[in-house]
Amino acid sequence: MIEIPSGLHKDVVSLAFLLGTWEGAGVHAALPGQGEPDTEKCNFGQELVFRHDGRPFIEFRSRSWVLDAEGAKVRPLENETGFWRVTGNQHGATGVREVECSLVRDDGTVEIWYGELADGKPQIELATDAVARVADSAPYSGGKRLYGLVNGELMWVGEKSAPEVPLRPYMSGQLKKVLNPAKLVEDIADLPDDGIAFFR
């Protein structure tokens with residue numbers, strides 16, 4: 001069940017399934033000629049945070065790091081921050097499901113993404129509309145992403161292209177929602193005093 005938090009702006013209610021902190025792992029494969037030797041193909045850990053402050057957008061932050069064979073953090077991999085909006089839903093009732101994202105990466109890349117919410121399921125497909133990058137960042141011409149809620153987990157896959165490299169998958173993750181400690185306290189308050197009655 002998807003919870004709609006109080007104070008969420010009506011224009012982004014359709015993005016409510018993304019809200020919260022998500023943690024998990026995935027697989028990364030750098031484009032040919034890009035990335036460090038240990039990131040040509042590696043496992044990574046990730047934390048995604050989607051939050052709102054009552055305005056008509058969702059704030060997004062992603063941090064990822066290279067994992068070694070035992071699952072320990074080796075070093076940072078990629079950080080992103082940005083904002084997600086539902087662009088065609090100014091009055092909350094038009095039924096238009098177009099999503100717009102503006103993202104900045106730690107390598108000096110700025111992207112504008114457009115996409116659409118799937119009909120009847122918590123899934124978003126996005127593609128870059130514009131890419132700008134600083135001179136020292138790796139060649140990059142565009143990408144595609146798919147985010148979806150599957151059995152309570154947030155799954156995503158990203159594709160990337162460069163001037164000499166056609167669009168290809170480079171990153172995918174499987175993330176679980178991190179429980180909110182305040183919510184845990186609420187749930188504990190509902191338990192019987194002796195705890196035993198809970199199991200009867």
Side-chain angles (χ1 to χ4, degrees), residues 15 17-18 20-50 58 60-84 97-134 136-177:
L15 301 179
F17 74 93
L18 294 171
T21 299
W22 302 84
E23 291 181 352
V27 177
H28 174 268
L31 295 185
Q34 297 183 12
E36 302 296 321
D38 65 343
T39 64
E40 287 180 5
K41 188 162 187 185
C42 70
N43 291 327
F44 69 91
Q46 185 176 31
E47 178 192 66
L48 281 184
V49 178
F50 290 92
I58 301 292
F60 168 83
R61 187 183 78 227
S62 168
R63 296 184 308 149
S64 59
W65 48 89
V66 177
L67 298 176
D68 65 18
E70 285 74 45
K73 291 182 183 180
V74 175
R75 63 176 180 79
L77 178 61
E78 182 178 279
N79 293 344
E80 297 177 323
T81 187
F83 302 93
W84 295 45
R97 302 173 65 81
E98 188 174 296
V99 177
E100 168 191 271
C101 299
S102 52
L103 298 180
V104 178
R105 292 185 208 243
D106 58 3
D107 68 353
T109 303
V110 179
E111 300 159 299
I112 304 297
W113 298 75
Y114 283 100
E116 194 170 31
L117 284 146
D119 192 18
K121 59 184 172 180
Q123 182 177 304
I124 301 170
E125 190 166 355
L126 300 164
T128 50
D129 180 65
V131 174
R133 59 189 184 83
V134 297
D136 290 339
S137 68
Y140 169 58
S141 52
K144 285 187 173 181
R145 289 192 189 176
L146 178 65
Y147 292 84
L149 195 61
V150 180
N151 297 324
E153 295 185 339
L154 186 62
M155 316 272 284
W156 75 277
V157 61
E159 296 178 80
K160 209 176 200 183
S161 64
E164 306 296 322
V165 183
L167 193 68
R168 53 159 272 197
Y170 83 101
M171 225 169 172
S172 62
Q174 182 173 355
L175 312 170
K176 293 182 183 300
K177 189 173 252 188

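Counted by atom type alone, Thr21 and Glu47 present zero donor-acceptor pairs between their side chains at under 3.5 Å.
Looking only at side-chain heavy atoms (C-beta outward), Leu103 and Arg145 come within less than 4.5 Å of each other. A heavy-atom distance below 4.5 Å is not found between the side chains of Phe60 and Leu18. With contacts defined as side-chain heavy-atom distances shorter than 4.5 Å, the pair Trp156/Leu126 does not qualify. Looking at Val110 and Val131, their side chains never come closer than 4.5 Å, going by heavy atoms from C-beta outward.
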Table please: side-chain donor-acceptor pairs of residues 64-74 below 3.5 Å, with sequence neighbours left out.
residue: Ser64; atom: OG; partner: Glu78; partner atom: N; Å: 3.2
residue: Ser64; atom: OG; partner: Glu78; partner atom: O; Å: 2.9
residue: Asp68; atom: OD1; partner: Glu70; partner atom: N; Å: 2.9
residue: Asp68; atom: OD1; partner: Gly71; partner atom: N; Å: 3.0
residue: Asp68; atom: OD1; partner: Ala72; partner atom: N; Å: 2.9

What do the steps show when you test Met171 against Leu77 for side chain to side chain contact (heavy atoms under 4.5 Å, CB included), and what is the final call?
CA-CA 11 Å; Met171 225 169 172; Leu77 178 61; 3.6 Å; yes

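Pro32 and Val165 make their closest contact through CD-CG1, 4.0 Å (heavy atoms, listed as atom of the first residue, atom of the second, distance). Nearest heavy atom pair, residue Leu31 against residue Lys160, reads CD2-O, 3.9 Å. Closest heavy-atom contact between Glu98 and Tyr114: OE2-CD2, 3.7 Å.
The ring pair (Phe, Tyr, Trp, His ring centres under 6.0 Å) test with Tyr147 singles out one residue from Trp113, Trp84, Trp22, and that residue is Trp84.
Within the model, atoms CD of Glu125 and CG of Leu117 stand 11.5 Å from one another, a figure rounded to the nearest 0.5 Å.
Other residues, nucleotides and ligands place more than 12 heavy atoms under 6.0 Å from the NZ atom of Lys177.
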